[in-house]
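Worksheet: the structure to be examined is printed underneath.
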Amino acid sequence: MNSILQQDLNNFENILEKAKQQGIDFLNNLENIPTSNKNTLDPKRSLNELGLGSDEALKEFKDRLAPLLVSSPGPRYWGFVTGGSTPASIVGDWLASVYDQNTQSVTSQGGNSALIELETINLLLQLLELPDSFLGGFVTGATMSNFTSLAVARQWFGKQFGKDFAKNGISETINILTATPHSSSIKSLSMLGIGSQNYTVVKTIEGNREALDIADLEEKIKALNGNPFILISSAGTVNTADFDDFEAIAALKEKYNFWWHIDGAFGGFAAVSEKYKHYVKGWERADSITIDCHKWLNVPYESAFYLIKKDHINLQIETFQNSNAPYLGNPLENFNYLNVLPENSRRLRALPVWFSLIAYGKEGFQDLIEKSTSLALHFGNALIEDGNFELLAPIRLNNVCFTLKGEHNQEKVSPFLVALNDTGKVFLTPTVYENKKGIRASFVNWRTTENDIKIVIEEMKKLLLEL
């Protein structure tokens, strides 16, 4: 064995203890670590000839690389709908690295860690009150979850014409209908060879809404003259957390032939709350659903899962199976993730989620979701009371979309946001909503409190005086 590696092996416990302490120091100091910084380094570091060993590498990381990192797990990182890792999820993530499984099989001599993943999906179905007619798995994020689901939808579409697109390529124009799709869905259409511009836009409901207009959707369906199509709908749009009318879409499923996909990256967790579960009523009729865990479930990046109806398992296998390892017998009895999603190599990504669900239960996540939505309303009210801001849309769930008040202040929105983020006290993201420059705050982090809102509002007031 290499001498440096042998040295690390002999000192393994001490190395892990030092890494743990460095992590604890970071988490305990989140209040003082900025949400943004301008630190930089020259990335062209020379590779060591002999190696430094883990102790020295840890020291160099702390001195050179850690200053680049921001408090994205902290209570005032409100950009990108970013959750923060809970204690239980960190335990699961650390142990996923320690046990280092390639999670594929449920009946293999080489390891059956996929049973943990299947159990975790079952727990998630219970949390979301969805039927076990769905089969799911873990991927890296919304992009791969949308990709996985829409890839199976693409295969379904081909079958309507008696064709196998996975084997022979796309040979028919694929009809996609959607109103306010997330960019990850559009990216998935590009990666799937459908084309990022090859979709038909359905009108949104009038009156400051991002949800699709059901009447216009049906008109566009009729224009297809009975041809099949794929519908991409939303459970929580990015700017305003708006939801499509799933009960109305479910009724259309009785009349027309289409694949129904729901992007519920963060909004799907509305199902956990008695106050907000009406938003997703009827979504159990969908063919596929996308949900992120590194958002409202507050587990470490990267973590998302897809749910696809078990009825479509053969289409899923046709799409993703390794050509040199086809299934024998019933694919549900001889299940292997190797053949139902993109990756051949998969860490035990389900473990942080399993720990979270077991540790905090349904009530824990209901509290988190309802606290987040309450904080969003509190922040929105504080903006209105200040008088210098205006909401661009109603606060439906956990996103607050706002801007500086008055048309004459539109050119100040961008410099105001840059200056606000530069304080390091909060991180927000820019947006454009109904042709207005805006700012978006997303409340999903388990650490956030009303005091954090007070801190941010004070910073905003100071900056307004300077502007």
Side-chain angles (χ1 to χ4, degrees), residues 81 142 145-146 149-150 153-154 156-157 173-189 194-271 276-292 306-307 392-399 401 431-435 438 440:
V81 200
S145 188
N146 280 318
S149 300
L150 292 173
R154 182 188 65 177
W156 170 87
F157 190 93
T173 298
I174 300 179
N175 304 308
I176 309 282
L177 301 182
T178 187
T180 317
H182 187 262
S183 60
S184 62
S185 291
I186 304 307
K187 181 186 282 191
S188 296
L189 296 181
I194 296 170
S196 60
Q197 296 183 346
N198 289 335
Y199 61 91
T200 300
V201 177
V202 179
K203 291 179 183 177
T204 53
I205 300 171
E206 292 183 4
N208 202 353
R209 295 290 303 276
E210 288 187 300
L212 61 80
D213 183 294
I214 293 296
D216 187 60
L217 172 61
E218 188 156 19
E219 286 300 311
K220 287 182 166 58
I221 293 173
K222 289 177 179 176
L224 292 173
N225 297 316
N227 284 316
F229 65 95
I230 297 168
L231 174 67
I232 302 174
S233 63
S234 297
T237 55
V238 168
N239 280 325
T240 69
D242 207 351
F243 288 72
D244 292 330
D245 186 339
F246 297 150
E247 286 188 290
I249 294 172
L252 292 176
K253 281 277 279 183
E254 301 292 330
K255 298 167 62 178
Y256 304 103
N257 182 31
F258 63 97
W259 180 284
W260 178 15
H261 175 63
I262 297 175
D263 184 340
F266 68 92
F269 284 109
Y276 300 106
K277 65 194 304 181
H278 63 276
Y279 282 141
V280 296
K281 191 174 182 181
W283 72 330
E284 69 278 356
R285 293 292 312 281
D287 295 287
S288 57
I289 301 173
T290 291
I291 299 182
D292 277 2
Y306 66 84
L307 297 171
L392 290 173
I395 299 171
R396 298 185 179 89
L397 199 63
N398 64 319
N399 281 0
C401 190
T431 190
V432 175
Y433 184 73
E434 294 195 337
N435 298 315
R440 191 194 67 182

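Residues passing the side-chain hydrogen bond (donor to acceptor under 3.5 Å, both in side chains) test with E218, sequence neighbours excluded: K255, Y256. Applying the salt bridge (charged side-chain N to carboxylate O under 4.0 Å, His left out) rule to K277 yields the partners E129, E274; only residues at least two apart in sequence or on another chain are considered. Shown here are the ring-ring contact (aromatic ring centres under 6.0 Å, His included) partners of F246, two or more places apart in sequence or in another chain: W260. In this structure, Y199 has no side-chain hydrogen bond (donor to acceptor under 3.5 Å, both in side chains) partners at least two apart in sequence or on a different chain. For E247, the salt bridge (charged side-chain N to carboxylate O under 4.0 Å, His left out) test picks out K281, with sequence neighbours left out. Scanning for side-chain contact (heavy atoms from CB on, under 4.5 Å) contacts around S196 gives I186, S190, with sequence neighbours left out. Judged as a side-chain contact (heavy atoms from CB on, under 4.5 Å), and not counting sequence neighbours, the contacts of A215 are D213. Looking at residues two or more places apart in sequence or on another chain, you find no side-chain hydrogen bond (donor to acceptor under 3.5 Å, both in side chains) involving D244. Under the rule for a side-chain hydrogen bond (donor to acceptor under 3.5 Å, both in side chains), the partners of D242 that lie at least two apart in sequence or sit in another chain are R209. Partners of F266 according to the ring-ring contact (aromatic ring centres under 6.0 Å, His included) rule, which considers only residues two or more places apart in sequence or in another chain, do not exist here.
The heavy-atom pair separating N175 from P228 by the smallest distance is ND2-O, 3.0 Å. Scanning both residues, N146 and S184, for their nearest heavy atoms gives ND2-OG, 2.9 Å. Considering every non-hydrogen atom in both G264 and I291, the closest pair reads O-CG1, 3.6 Å.
Partner H261 forms a side-chain hydrogen bond (donor to acceptor under 3.5 Å, both in side chains) with one of S288, S233, S188 and no other, that one being S288.
Between the OG atom in S145 and the CG atom in L307 there is a gap of 7.5 Å [rounded to 0.5 Å]. Atom CD1 of I395 sits about 11.0 Å away from atom OG1 of T240, to the nearest 0.5 Å. Note that CG of L217 and CD1 of I249 are 6.5 Å apart. Values are rounded to the nearest 0.5 Å. Atom CD1 of I289 is separated from atom CD1 of I262 by 5.0 Å, given to the nearest 0.5 angstrom. The CZ atom of F269 lies 11.5 Å from the CG atom of N398; values are rounded to the nearest 0.5 Å.
A salt bridge links R285 with E254; the closest basic N to acidic carboxylate O contact falls under 4.0 Å.
In this structure, T178 contributes its side chain and I232 its backbone to a donor-acceptor pair below 3.5 Å. Of the possible polar contacts, one joining the N399 side chain to the V238 backbone as a donor-acceptor pair under 3.5 Å is found.
Looking only at atom types and distance, the side chain of T290 has no donor-acceptor partner in the side chain of D263 under 3.5 Å away.
Within the 4.5 Å cutoff, side-chain heavy atoms of K253 are placed close to those of D287. I176 has its side chain out of reach of N198: every pair of non-hydrogen atoms, C-beta onward, lies at least 4.5 Å apart.
Atom NZ of K187 sits in a sparse spot, with 12 or fewer heavy atoms from other residues, nucleotides or ligands closer than 6.0 Å.
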For a side chain to side chain contact (heavy atoms under 4.5 Å, CB included) check, start with the C-alpha distance between T180 and L212, then their side-chain angles and the critical distance, and finish with the verdict.
CA-CA 7 Å; T180 317; L212 61 80; over 6 Å; no
Is there a side chain to side chain contact (heavy atoms under 4.5 Å, CB included) between I230 and I174? Walk through the geometry before answering.
CA-CA 8 Å; I230 297 168; I174 300 179; 3.8 Å; yes
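The ring pair (Phe, Tyr, Trp, His ring centres under 6.0 Å) pairs that include a residue from residues 202-243 are F229-F258, F243-Y279, where partners are two or more places apart or lie in different chains.
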Side chains of residues 200-208: which donor-acceptor pairs under 3.5 Å do they make with residues two or more places apart or in other chains?
{"unit_1": "N208", "atom_1": "OD1", "unit_2": "Y433", "atom_2": "OH", "d": "2.5"}
{"unit_1": "N208", "atom_1": "ND2", "unit_2": "L392", "atom_2": "O", "d": "3.0"}

